[in-house]
2 protein chains.
Amino acid sequence: MYRENRKKQTKADIVQHAISLFKQKGYEKVTVEEITNACGIAKGTFFNYFPKKEYILLHLTDSYMELLDHILHKYDGASLKDQILFIYRDLITLYAKYADLLRLTLEETIRFSIRSHTEQTNIMRFQKSLGAIIESAKNNGSFQSQWKTDQISSILTGLLINVLIHYSSPLDKAQMLEELKNQLNIVWEGIIHESMEENRKK
Amino acid sequence: MYRENRKKQTKADIVQHAISLFKQKGYEKVTVEEITNACGIAKGTFFNYFPKKEYILLHLTDSYMELLDHILHKYDGASLKDQILFIYRDLITLYAKYADLLRLTLEETIRFSIRSHTEQTNIMRFQKSLGAIIESAKNNGSFQSQWKTDQISSILTGLLINVLIHYSSPLDKAQMLEELKNQLNIVWEGIIHESMEENRKK
DNA sequence: GAAATAAAATGACCATAGTCATTTATGACC
DNA sequence: GGTCATAAATGACTATGGTCATTTTATTTC
């Protein structure tokens, strides 16, 4: 608890001014000194908070992640299919926002690199959380399937990736969500729901 | 065709010496000057071939890609399921090799970034090529399914991602392939083959 | 409230990524 | 084989990322 607030404040300052400058001139063109000048601190201080300039980008990713976690547990009460749809929707929105920030900020190559990193990490989290959600729906009896939880979450994650990949350049959120809904319906009717029917017959 | 060979030679030289040095000391610790000294060329020359130091890593990714393309069309004669299994196997081997190189070469954070980039790009290619393979199997009648090609390739790609993600740290190739085979069998029997049976009955 | 301790900020300093005007090598054409 | 045009190589130079020994600021203890 030692001087925690001061530290937090300084870090937040750096992040805030950095993002603002990145939006104006792009990541590459902004020097560390510009950032620290904007904050009214010495250059060296920056490196007490971020080991390398690049790490401030990873920090952005981390903030994004925290939002992701929130989304994944936001719809705990709803039916499984609804939960999934709501999560898809929120994720697309979040993703679009993040991608827009990166587009403003970064030059093509590094942007792709960072975004891949984010997506990759998100995919892991998403799939894991989806697994937990499915498992709990199975446990409380609201959802049944002969499919292993891992397989279902893998397929559902696949749908999301598929859509994110295909629509990555011009981010039309509505279109993406529509496509996801279609895909989900097909999968749901074709496999998951069908499996439920089978299970009921037994 | 103008002096192409000379250019190719210089570039190949740079790449070769760079990789060798990266393996010895790691990407970060190797300076551009070291690389050019090893090649017996001037520092400036490096930047005639790679706009930034970092781009030499992306070049590695590109080489890797070329191998991927080759793999994806290597088993054109075989049955669809065999093709997929063979491709899975080769991809895991290729992936392990690449991941090992990166592990030797790069420090954790940037490595993850670059690897994500590679995986992401590969996934797109893989899924697209898989689509083409499935489509052609459908066309020549050796494979039938009520499922849309996109859906199948999405699911099959999902399996691969799933395995790559879960086994990414300790790369046990045999284990990864075994898992993939199991998953493929379940999916194949459960969905794809079943659909074929239905189609045959009609 | 002075001394002791530890956290945080500082900025002079260095190493090197990347630039660019100039030079050198290569081949084409007569 | 001399002239011209273009590709490729050069290396002095600059800007900036990153280090680190030192100083300043905050907190605790008596």
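Chain letters run A, B, ... following the sequence lines, proteins first and then strands; every chain starts at 1. All values below were derived from every heavy atom in this structure, side-chain atoms included, with hydrogens, water molecules and symmetry-related copies excluded.
With C/dA9, D/dT16, C/dG18 as the choices, the nucleotide that has an atom nearest any side-chain atom of B/Lys52 turns out to be C/dG18.
If you take CD of A/Gln9 and P of D/dA26, they are 14 Å apart, rounded to a whole angstrom. The CD1 atom of B/Ile56 sits 12 Å away from the P atom of C/dG18 (whole-angstrom rounding). As a whole-Å value, the separation of A/Lys7 NZ from C/dA6 P is 16 Å. Separating the NZ atom of A/Lys11 from the P atom of C/dA7 is a distance of 17 Å, rounded to the nearest angstrom. Taking atom NZ of B/Lys29 as the reference point, atom C1' of D/dG18 lies 14 Å away to the nearest angstrom. Rounding to whole angstrom units, NZ of residue A/Lys53 and P of D/dA15 are separated by 16 Å. Summarising the geometry, the separation between CD on A/Glu54 and C1' on D/dT16 is reported as 15 Å, rounded to the nearest angstrom. Residue B/Glu28 contributes atom CD, which lies 14 Å from atom C1' of C/dA15 at whole-angstrom precision.
The shortest non-hydrogen separation linking B/Ile14 to B/Cys39 is CA-SG, 3.8 Å. Scanning both residues, B/His17 and B/Ala38, for their nearest heavy atoms gives NE2-O, 3.6 Å. What you find for A/Asp82 and A/Ala78 is that their closest heavy atoms are CB-CB, 4.1 Å.
In summary, the side chains of A/Asn37 and A/Glu33 do not present any donor paired with an acceptor at a separation below 3.5 Å, with no hydrogens or angles considered. A donor-acceptor contact closer than 3.5 angstrom is absent between the side chains of B/Asn5 and B/Gln9. Side chains of A/Glu179 and A/Gln183: a donor-acceptor N/O pair is present below 3.5 angstrom, by distance only.
Residue A/Thr10 places none of its side-chain N or O atoms closer than 4.0 Å to OP1 or OP2 of C/dA8. Within the 4.0 Å cut-off from OP1 or OP2 of D/dA15, not a single side-chain nitrogen or oxygen of A/Thr31 is found.
At distances below 3.5 Å, at least one donor-acceptor pair connects side-chain atoms of A/His73 with backbone N or O atoms of A/Asp69. Looking at A/Lys53, its side chain does come within 3.5 Å of a backbone N or O of A/Tyr27 through a donor-acceptor pair. No donor-acceptor pair under 3.5 Å is formed between the side chain of B/Ser129 and the backbone N or O of B/Phe126.
Contacts between residues 32-48 of chain A and DNA chain C, counted as heavy-atom distances below 4.0 Å, involve A/Ile41, A/Ala42, A/Gly44, A/Thr45, A/Asn48.
Using a 4.0 Å heavy-atom cutoff across all strands shown, B/Tyr49 reaches sugar-phosphate atoms only and no base atom.
With axes fitted over five pairs at each extremity, the angle between the ends of the helix from C/dG1-D/dC30 to C/dC30-D/dG1 is 10° (10° resolution).
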